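Below: one structure, written as structure tokens.
Positions are given from 1 along the sequence. Note that the structure is predicted; figures quoted are calculated from it, not measured.
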Amino acid sequence: MATREDIEFRAEPGVTLRGWLYLPDGVGPHPAITMTHGFAGTKEQRLSQFADLFVEAGFAVLIHDHRNFGDSDGVPRHDIDPWQQIKDWRRAISYLESRPEVDANRIGVWGTSYSGGHAIILGATDRRLRCVVAQVPTISGYEQGLRRVAPDAVAGLNEMFAEEDRAQLGGEEPRTQAIVSSDLSVPASYRAADAVDFYLSTAPENWENKITVRSNFAARMYEPGAWVSRVSPTPLLLVVATQDPITLTDLMLSAYERAREPKRLQLVDGGHFAPYLSEFPTAGAAARDWFTRHLG
């Protein structure tokens with residue numbers, strides 16, 4: 001019978017990351033998949049359905065919470081540095097390698113949304129990984145910003161970021177704002193109805209609708225698409241939603257064109273959150289089959 005255990009491992013500098021390790025039936029060592037969530041998410045937010053699908057196919061699966069979120073350590077809470085998250089994720093790969101139940105030569109990575117961008121960069125830079133799945137990944141923070149922020153709001157947004165930096169110079173703690181809100185008077189990272197519904201309906205008890213302002217500044221400078229052509233020769237699967245207003249369908253399709261073989265594109269109908277919801281059967285099966293093909 002497949003099992004799930006609570007695990008923890010050390011990350012630099014002196015932070016403990018926590019998560020779940022799923023182990024399949026049968027005698028190991030097993031091929032393994034390392035997973036984590038996107039922007040300000042936690043492992044409880046619809047990741048277990050993917051893990052269950054993968055473990056049923058014979059994979060060990062590690063899901064961890066990013067530092068400053070969920071059950072993992074780290075301060076300030078609710079703060080995202082994408083490059084620190086990537087560095088921590090490399091430590092998760094090393095943790096999987098250390099487990100006797102895992103075949104260290106058969107490890108793949110699965111990332112979604114913001115962490116889908118991380119998965120692209122990890123695939124391009126960490127050759128321990130044997131294959132990559134990037135689901136509705138962030139491709140360009142700059143291009144996303146151009147589409148999602150009205151031109152007449154850009155100057156005010158830039159001033160908010162500058163004022164935040166000045167405040168930290170003066171010794172203030174990083175300021176926060178909402179992750180999602182449909183109230184236009186409330187500063188928030190996302191306002192789309194499907195984003196508000198997804199975050200609030202899937203939130204565990206230890207999740208707060210809060211993110212540091214500087215996390216949004218970092219996101220606007222984050223460019224995972226610059227790395228997509230370097231993933232090869234590691235096999236890459238991109239799962240792209242056909243009507244995605246968040247990571248933007250055309251940016252993901254352009255990134256797929258720049259990627260080199262071996263690669264595969266899986267389209268799913270709907271918006272950014274469809275792969276977790278109505279299109280989970282398609283998105284999950286495509287990822288499972290990709291891992292089976294390249295790790296099995």
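- Counting heavy atoms from C-beta outward, L21 and L96 have side chains that approach closer than 4.5 Å.
- Checked by atom type and distance alone, the side chain of D103 never pairs as donor or acceptor with a backbone atom of H30 at under 3.5 Å.
- Counting only distance, with no hydrogens or angles, the side chain of E56 and the backbone of L53 share no donor-acceptor pair below 3.5 Å.
- The environment of F217 atom CZ is sparse: at most 12 non-hydrogen atoms of other residues, nucleotides or ligands sit within 6.0 angstrom.
- Using a cut-off of 4.0 Å between Lys/Arg side-chain N and Asp/Glu carboxylate O, D81 and R67 are scored as not salt-bridged.
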(request) Show your reasoning for whether side chain to side chain contact (heavy atoms under 4.5 Å, CB included) applies to Q168 and R214. (result) CA-CA 10 Å; Q168 289 179 51; R214 70 184 189 183; 2.8 Å; yes
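- With salt bridges taken as basic N to acidic carboxylate O contacts below 4.0 Å, none links R166 and E172.
- Residues N68 and I80 have side chains not in contact (no heavy-atom distance under 4.5 Å, counting atoms from C-beta outward).
- In summary, R264 and D289 do not engage in a salt bridge, as defined by a charged side-chain N under 4.0 Å from a carboxylate O.
- Around CD of E5, the count of heavy atoms belonging to other residues, nucleotides or ligands within 6.0 Å exceeds 12.
- Looking at L237 and F291, their side chains never come closer than 4.5 Å, going by heavy atoms from C-beta outward.
- Ion pairing between E164 and R175 holds under the 4.0 Å rule for side-chain N and carboxylate O.
- Residue R258 places its CZ atom among more than 12 non-hydrogen atoms of other residues, nucleotides or ligands, all under 6.0 Å distant.
- No hydrogens or angles considered: nothing links the side chains of D65 and S72 as a donor-acceptor pair under 3.5 Å.
- With hydrogens and angles ignored, the 3.5 Å screen pairs a side-chain donor or acceptor of T212 with a backbone N or O of S215.
- W207 has its side chain out of reach of E44: every pair of non-hydrogen atoms, C-beta onward, lies at least 4.5 Å apart.
- In the model, T34 has a side-chain atom that pairs as donor or acceptor with a side-chain atom of W89 under 3.5 Å.
- Closest non-hydrogen pair, G38 versus S113, comes out as CA-CB, 4.4 Å.
- Using a cut-off of 4.0 Å between Lys/Arg side-chain N and Asp/Glu carboxylate O, R18 and D6 are scored as not salt-bridged.
- Taking the side chain as every heavy atom from C-beta outward, V136 and V268 never approach each other to under 4.5 Å.
- Taking the six-membered ring where the residue is Trp, Y276 and H37 present parallel rings, their angle staying beneath 30° rather than reaching 60°.
- For Y222 and Y114, the distance between ring centers is under 6.0 angstrom.
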(request) Begin from the C-alpha positions of V240 and Y256 and carry the test side chain to side chain contact (heavy atoms under 4.5 Å, CB included) through to its verdict. (result) CA-CA 10 Å; V240 175; Y256 180 76; 6.0 Å; no
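- Of the possible donor and acceptor atoms, one in the side chain of E223 sits under 3.5 Å from a partner among the backbone N and O of Y142.
- Remark: F59 engages no residue in a ring-ring contact (aromatic ring centres under 6.0 Å, His included) (not counting sequence neighbours).
- Proximity of E143 to S254: side-chain heavy atoms (C-beta onward) are nowhere separated by under 4.5 Å.
- Between the side chain of K210 and the backbone N or O of T176, no donor-acceptor pair lies under 3.5 Å.
- Residues S181 and D183 bring no donor and acceptor atom of their side chains to less than 3.5 Å of each other.
- For the pair R99/L62, no side-chain contact is recorded, criterion being any heavy-atom separation below 4.5 Å from C-beta on.
- In the model, T125 has no side-chain atom that pairs as donor or acceptor with a side-chain atom of R90 under 3.5 Å.
- Between F50 and W110, the ring planes are tilted. Angles from 30° to 60° get that label.
- Proximity of H64 to R91: side-chain heavy atoms (C-beta onward) are nowhere separated by under 4.5 Å.
- Looking at V196, I179, I211 one by one, the single match for side-chain contact (heavy atoms from CB on, under 4.5 Å) with Y190 turns out to be I179.
- R130 contributes a side-chain N or O that, together with a main-chain N or O of N105, makes up a donor-acceptor pair within less than 3.5 Å.
- Between P224 and the choices T247, I139, I121, L122, the side-chain contact (heavy atoms from CB on, under 4.5 Å) rule is met once, by I121.
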